[in-house]
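Taking it in order: structure first as C-alpha cells, then the write-up.
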Amino acid sequence: MTSRVNKAVIPAAGLGTRFLPATKAMPKEMLPVVDKPAIQYVVEEAVNAGMTDILMITGRNKRSLEDHFDRVPFIEQTLEAKGDHEKLAAVRRPSELGDIHYLRQGDPKGLGHAVLRAKLHVGKEPFAVLLGDDLIDERDVLLQTMIEVQEKTGGSVIALIEVDPDQISAYGCADISAIDGEDYVRVSELVEKPAIDEAPSNLAVIGRYVLHPRVFDVLETTGPGRGGEIQLTDALQTLASAEGEGSGVYGVVFRGRRYDTGDKLSYIKAVVTLASEREDLGPDLQDWLKSFTQNLNG
C-alpha cells in the first residue's frame, strides 16, 4: 500500500428529491452555485489538494455530469471567434481539471455501498471521499490537513464540525478523545443521526473523509443500518474499534468556512454568501441586500 493520497471518490448517485421539481431532469450536483455547478467546486477542491484521479459514482439521468467535464468544441470555437477569452477559459476549465472517471452505483443502497463500488478503481491505496452537499471555501485548508493526519496515523480520518445540540440528529455524530500534543482527535464512537438525548457529543460528521483501503473489506460485510441502507458510518465504527493495519479513526475539527447545499434554504444561503464575497458581484449585491433587509424590517 502506498501512503500518498492520489485518488478521490465523489458519490453523486442521489435522486435530489429535496430539490424537486428542479431535479426532475437535472442532477442536484449540477445546480448552479452562482455561476458554477456545485460538483465543480468539489472537484476543484480535490485537485487543489493534489488529487487528479477522480471517480464519480453516478446513477441514471446523470449524463450531464460527464458532459460538464468534457470539451464543448462548438461553444469554444464561438467564444474564441468573438475574442471572449475570459468565458473561453471558464468553459475549458472543467475539462482540464484532471482525469475524471465515472461508474454507476446501480442499486441505491446508501453511501457505504457507493464507496464500496470504488474498490477496484482505488485498489490498495488510501483515498479521499468528498460529498457534494458540503462546499469548503478554497481559502481554508481542510482536505490537505486530513491527508497529513492519515499519513501520520495510518488510519482513516473524518471531518467534524461543532453544531448546536438540537441539530445533531441531522448528522452522523462522533464521540472523541484528545491526543496530547496533536491538533486532531481520536474517534471512539460514531452514531448515525442520533436522537438529541442519545448523541455522545455535538461534533457532527461532514462530507469529507480520507480512508484507509481496509474500509472496503469492512463495507463488504456491513449490513443495512439506519434507513435500510449500508452506512459508511457503521463501517467506520467497526474500524474505530479494530486493531492492526488500517485500524483507528481520527477526526479533524473544522472551524473554517463551509457552505451547505443539502437543502433549499441552506443552498440559497450558500449562493448569496459566495456571490456577496466576489469582486464582480459583491459590492452591488451587498448594497441590494442592505436595502432589501431594511425594507423587510420596515
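- A donor-acceptor distance shorter than 3.5 angstrom exists from the side chain of Asp263 to the backbone of Ser266, with no hydrogens or angles considered.
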| message | Between Leu211 and Leu232, does the side chain to side chain contact (heavy atoms under 4.5 Å, CB included) criterion hold? Intermediate values first, please. | response | CA-CA 11 Å; Leu211 305 176; Leu232 180 59; 4.3 Å; yes
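- Counting non-hydrogen atoms of other residues, nucleotides and ligands closer than 6.0 Å to NZ of Lys109 gives a total of 12 or fewer.
- A perpendicular orientation is assigned to the rings of Tyr250 and Tyr184, their planes being inclined by more than 60° (bins at 30° and 60°).
- At least one donor-acceptor pair closer than 3.5 Å links the side chain of Arg18 to the backbone N or O of Gly262.
- A donor-acceptor contact closer than 3.5 angstrom links the side chains of Glu44 and Gln40.
- Salt-bridge annotation for Arg92 and Glu76: present, with a side-chain N of the basic residue lying under 4.0 Å from a carboxylate O of the acidic one.
- Inter-residue side-chain proximity for Leu55 and Ile57 is flagged as met; some heavy-atom pair is nearer than 4.5 Å.
- Using a 4.5 Å heavy-atom threshold, the side chains of Phe69 and Ile54 count as separate.
- Gln286 places a side-chain N or O within 3.5 Å of a backbone atom of Ser276 that can act as its donor or acceptor partner.
- Asp217 has its side chain within reach of Lys119: a pair of non-hydrogen atoms, C-beta onward, lies under 4.5 Å apart.
- Side-chain contact between Val249 and Leu239: present, with at least one pair of heavy atoms (C-beta onward) separated by less than 4.5 Å.
- Although no hydrogens or angles enter the test, the distance criterion places no donor-acceptor pair under 3.5 Å between the side chain of Lys87 and the main chain of Leu79.
- A donor-acceptor pair is defined here as one N or O able to donate and one able to accept, closer than 3.5 Å; no such pair exists between the side chain of Ser291 and the backbone of Asp287.
- Looking only at distances, no side-chain donor or acceptor of Arg208 sits under 3.5 Å from a matching main-chain atom of Ile158.
- Grouping the Ile, Leu, Val, Met, Phe, Trp and Tyr side chains by contacts below 4.5 angstrom, directly or via other members, places Val141 apart from Met146.
- At a threshold of 4.5 Å between side-chain heavy atoms, the hydrophobic network of Ile, Leu, Val, Met, Phe, Trp and Tyr places Tyr267 and Met30 in one connected group.
- Using a 4.0 Å cut-off between a side-chain N of Lys or Arg and a carboxylate O of Asp or Glu, Asp140 and Arg257 qualify as a salt bridge.
- Atoms CD and CG, from Glu162 and Leu160 in turn, are 9.5 Å apart once rounded to the nearest 0.5 Å.
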| task | For the pair Asp53 and Phe127, evaluate side chain to side chain contact (heavy atoms under 4.5 Å, CB included) and give the outcome as yes or no after the intermediate values. | result | CA-CA 10 Å; Asp53 185 338; Phe127 64 104; over 6 Å; no
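- For the pair Gly112 and Leu219, the tightest heavy-atom approach, listed with the atom from each and the gap, is O-CD1, 3.5 Å.
- Contact of the Val33 side chain with the Leu135 side chain is registered, since non-hydrogen atoms from C-beta on lie closer than 4.5 Å.
- A distance-only check finds a donor-acceptor pair linking the side chain of Lys62 to the backbone of Gly14 [under 3.5 Å].
- Counted within 6.0 Å of CD on Glu138, heavy atoms from surrounding residues, nucleotides or ligands total 12 or fewer; the atom is thus considered open.
- Considering every non-hydrogen atom in both Pro32 and Val271, the closest pair reads O-CG2, 4.1 Å.
- Linking Ile, Leu, Val, Met, Phe, Trp and Tyr whenever their side-chain heavy atoms come within less than 4.5 Å puts Val149 and Val5 in one cluster.
- Atom-to-atom distance recorded for Leu236:CG and His212:NE2 is 13.0 Å, nearest 0.5 angstrom.
- The CZ atom of Arg278 lies 10.5 Å from the CG atom of Leu285; values are rounded to the nearest 0.5 Å.
- A distance of 6.5 Å separates OG1 of Thr273 from CD of Glu277, quoted to the nearest 0.5 Å.
- Checking each of Arg63, Arg104, Glu29 against Thr58 for a side-chain contact (heavy atoms from CB on, under 4.5 Å) leaves exactly one that passes, namely Arg104.
- The number of heavy-atom neighbours closer than 6.0 Å to NZ of Lys193, taken from other residues, nucleotides and ligands shown, is 12 or below.
- Cluster annotation: Val129 is not connected to Ile147 through the hydrophobic network of ILVMFWY side chains, with a link wherever side-chain heavy atoms come within less than 4.5 Å.
- Between Val252 and Thr145 the shortest heavy-atom distance is CG1-CG2, 4.2 Å.
- Judged purely by atom type and a 3.5 angstrom limit, Ser201 uses its side chain to pair as donor or acceptor with the backbone of Ala174.
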| query | What's the verdict on side chain to side chain contact (heavy atoms under 4.5 Å, CB included) for Leu88 and Asp84, showing C-alpha distance, side-chain angles and the deciding distance? | reply | CA-CA 6 Å; Leu88 178 61; Asp84 195 339; 6.0 Å; no
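- For Tyr209 against Val205, the heavy-atom pair with the smallest separation is OH-CG1, 3.7 Å.
- Here OG1 of Thr52 is found 7.5 Å from CG of Asn6. Values are rounded to the nearest 0.5 Å.
- When side chains are defined from C-beta on, Phe216 counts as touching Val122, because their heavy atoms get closer than 4.5 Å.
- Of all non-hydrogen atoms in Val163 and Ala204, the two that sit nearest each other are CG1-CB, 3.9 Å.
- The closest side-chain heavy-atom distance from Leu116 to Thr222 is not below 4.5 Å.
- Note that CG of Leu65 is 12.5 Å distant from CG of Asp70, once rounded to the nearest 0.5 Å.
- Looking at Glu198 and Val191, their side chains never come closer than 4.5 Å, going by heavy atoms from C-beta outward.
- A distance of 6.0 Å or more separates the ring centres of Tyr41 and Tyr259.
- Ion pairing between a basic and an acidic side chain is recognised when a charged N comes within 4.0 Å of a carboxylate O; Arg258 and Asp134 show such pairing.
- Formation of a donor-acceptor pair under 3.5 Å by the Glu192 side chain with backbone atoms of Tyr171 is not found in this model.
- Considering every non-hydrogen atom in both Gly251 and Val187, the closest pair reads N-CG2, 3.9 Å.
- The environment of Glu86 atom CD is sparse: at most 12 non-hydrogen atoms of other residues, nucleotides or ligands sit within 6.0 angstrom.
- Linking Ile, Leu, Val, Met, Phe, Trp and Tyr whenever their side-chain heavy atoms come within less than 4.5 Å leaves Ile136 and Leu131 in two separate clusters.
- At distances below 3.5 Å, at least one donor-acceptor pair connects side-chain atoms of Gln237 with backbone N or O atoms of Leu190.
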| message | The test is side chain to side chain contact (heavy atoms under 4.5 Å, CB included); show your working for Asn61 and Leu15 and say whether it passes. | response | CA-CA 9 Å; Asn61 301 320; Leu15 298 176; over 6 Å; no
